[in-house]
Amino acid sequence: MALNGFLEFFQKGKTFRPKKPFASGTIRYSLHKQAQASLQSGINLRQVVRLPQGENLNDWLAVHVVDFFNRINLIYGTVSEFCNETTCPTMSGGSRYEYLWADGDLYKKPTALSAQKYIEHLMDWIETQINNEAVFPVSTDVPFPKNFSAISRKILTRLFRVFVHVYIHHFDRIVSIGAEAHVNACYKHFYYFVQEFDMISAKELEPLQEMTSRICKDKD
């Protein structure tokens, strides 16, 4: 599925928050366009996620972190009105998995929150990281921080939890609006990317393991 098709579909409905763009003329804008073109070409998603020859890994990570942040925001926006303190009192993925929120600021210790509050705090936290030019530099003159890979891993791990919650608790809504194929394609792209660069631990991926084995069958 082409990325443009995904964005066109979800932007017709409610969005969770404004989309974070790339500045035109920057290296990451160019890489973003390159990734879009690869998706639109319909080639194997396992191949799409691979680092282009001669490109900087941190630039490639930054492009995908922002893209996945934007797309998962759009996906959550389609179910957010059905996700509240009453329907989803905990940030969970079924009865076996519950996620606690901690950010070292407002929540210094892991704290149980409703799914809605957890995801709101999560998206605010990610937005702060992305907008911090010391973490996500906009100029090639400014180096990425030495822990950029670790920051990206944390962001992607937490974004995966949104997939877990949406798939397990709100998939009926996704199906009812005809978005199943779009969400599955986004998930496959996300999964192949985090696998390619070892960004999420196997333990974190467990809640969607059965579904992943069913839909992520692209060969190398």
Side-chain angles (χ1 to χ4, degrees), residues 1-20 32 35-49 63-84 87-88 90-94 96-97 99 114-116 118-120 122-123 126-127 130 152 155-197 199-200 204-218:
M1 178 207 64
L3 175 58
N4 281 356
F6 174 93
L7 294 177
E8 286 169 9
F9 182 91
F10 283 98
Q11 285 174 339
K12 289 177 183 176
K14 179 181 178 181
T15 57
F16 188 49
R17 61 182 59 215
K19 185 173 175 243
K20 169 73 179 178
H32 167 67
Q36 280 189 336
S38 295
L39 281 173
Q40 290 165 6
S41 71
I43 65 173
N44 186 304
L45 281 172
R46 283 191 186 274
Q47 297 171 11
V48 164
V49 299
V63 163
H64 283 81
V65 166
V66 175
D67 271 347
F68 289 133
F69 169 68
N70 287 333
R71 280 184 265 170
I72 293 168
N73 264 319
L74 291 172
I75 289 171
Y76 183 68
T78 67
V79 304
S80 59
E81 63 185 295
F82 302 94
C83 184
N84 53 52
T87 61
C88 304
T90 61
M91 178 58 180
S92 59
R96 291 180 57 200
Y97 301 96
Y99 302 114
S114 68
Q116 180 187 37
Y118 183 104
I119 294 171
E120 283 179 359
L122 169 58
M123 297 305 180
I126 295 175
E127 207 161 36
I130 289 172
S152 296
I155 291 172
L156 292 170
T157 296
R158 287 178 162 183
L159 281 174
F160 176 76
R161 295 171 182 177
V162 181
F163 270 125
V164 172
H165 184 73
V166 169
Y167 267 116
I168 293 176
H169 294 279
H170 299 290
F171 198 61
D172 54 343
R173 166 64 180 169
I174 296 295
V175 171
S176 73
I177 63 172
E180 181 178 358
H182 295 273
V183 174
N184 284 349
C186 182
Y187 176 75
K188 285 173 66 176
H189 186 205
F190 179 94
Y191 176 77
Y192 290 143
F193 183 83
V194 299
Q195 286 290 91
E196 175 74 12
F197 299 103
M199 301 302 285
I200 300 180
E204 279 282 350
L205 293 170
E206 280 179 5
L208 297 181
Q209 190 171 35
E210 184 181 341
M211 185 204 73
T212 301
S213 65
R214 210 168 55 243
I215 71 171
C216 297
K217 296 180 177 179
D218 299 50

> What pair of heavy atoms forms the shortest contact from H170 to F82, and how long is it?
Replying inline: CE1-O, 3.5 Å
> Rounded to the nearest 0.5 Å, what separation is found between the OG1 atom of T212 and the CD atom of E210?
Replying inline: 10.0 Å
> Does the pair V183 and Y167 meet the rule for a side-chain contact (heavy atoms from CB on, under 4.5 Å), with working shown?
Replying inline: CA-CA 9 Å; V183 174; Y167 267 116; 3.6 Å; yes
> Under 30°, 30 to 60°, or over 60°: which ring-plane class applies to Y187 and F190, parallel, tilted or perpendicular?
Replying inline: parallel
> To the nearest 0.5 Å, what is the distance between CD (E81) and OG1 (T87)?
Replying inline: 11.0 Å
> Which heavy-atom pair separates P207 from V164 by the least distance, and what is that distance?
Replying inline: CB-CG1, 3.8 Å
> What are the two closest non-hydrogen atoms of G178 and H182, and how far apart are they?
Replying inline: O-CD2, 4.0 Å
> Which value, rounded to the nearest 0.5 Å, describes the distance between S80 atom OG and R173 atom CZ?
Replying inline: 9.0 Å
>> Tell me the closest heavy-atom pair linking F193 and H64, and the distance in Å.
In response: CE1-CG, 3.4 Å
> What are the two closest heavy atoms between C83 and Y76, and how far apart are they?
Replying inline: SG-OH, 3.2 Å
> How long is the gap from OH on Y191 to CE on M211, to the nearest 0.5 Å?
Replying inline: 10.0 Å
> Taking all non-hydrogen atoms of both residues, which atom of C186 and which atom of I75 are closest, and how far apart?
Replying inline: SG-CD1, 4.0 Å
>> What I'd like to find out is whether the side chain of I72 reaches to under 4.5 Å of the side chain of M123, using heavy atoms alone.
In response: yes
> Measuring from L208:CG to R214:CZ, what's the distance to the nearest 0.5 Å?
Replying inline: 10.0 Å
> Taking the side chain from H165 and the backbone from G93, do they hold a donor-acceptor pair closer than 3.5 Å?
Replying inline: no
>> Pair R161, L122 - check side-chain contact (heavy atoms from CB on, under 4.5 Å), show working.
In response: CA-CA 10 Å; R161 295 171 182 177; L122 169 58; 5.8 Å; no
> About how many Å separate CD of E204 and CG of L156, when rounded to the nearest 0.5 Å?
Replying inline: 11.5 Å
> Is the shortest distance from a Lys or Arg side-chain nitrogen in E196 or R46 to a carboxylate oxygen in the other one below 4.0 Å?
Replying inline: no
>> side-chain contact (heavy atoms from CB on, under 4.5 Å), that's the test. Do F68 and H189 meet it? Break it down for me.
In response: CA-CA 9 Å; F68 289 133; H189 186 205; 3.7 Å; yes
>> If you apply the rule side-chain contact (heavy atoms from CB on, under 4.5 Å), what do you find for F69 with I155, and how did you get there?
In response: CA-CA 9 Å; F69 169 68; I155 291 172; 5.9 Å; no
> In a check of side chain to side chain contact (heavy atoms under 4.5 Å, CB included) between V194 and each of I200, L159, V49, which one passes?
Replying inline: I200
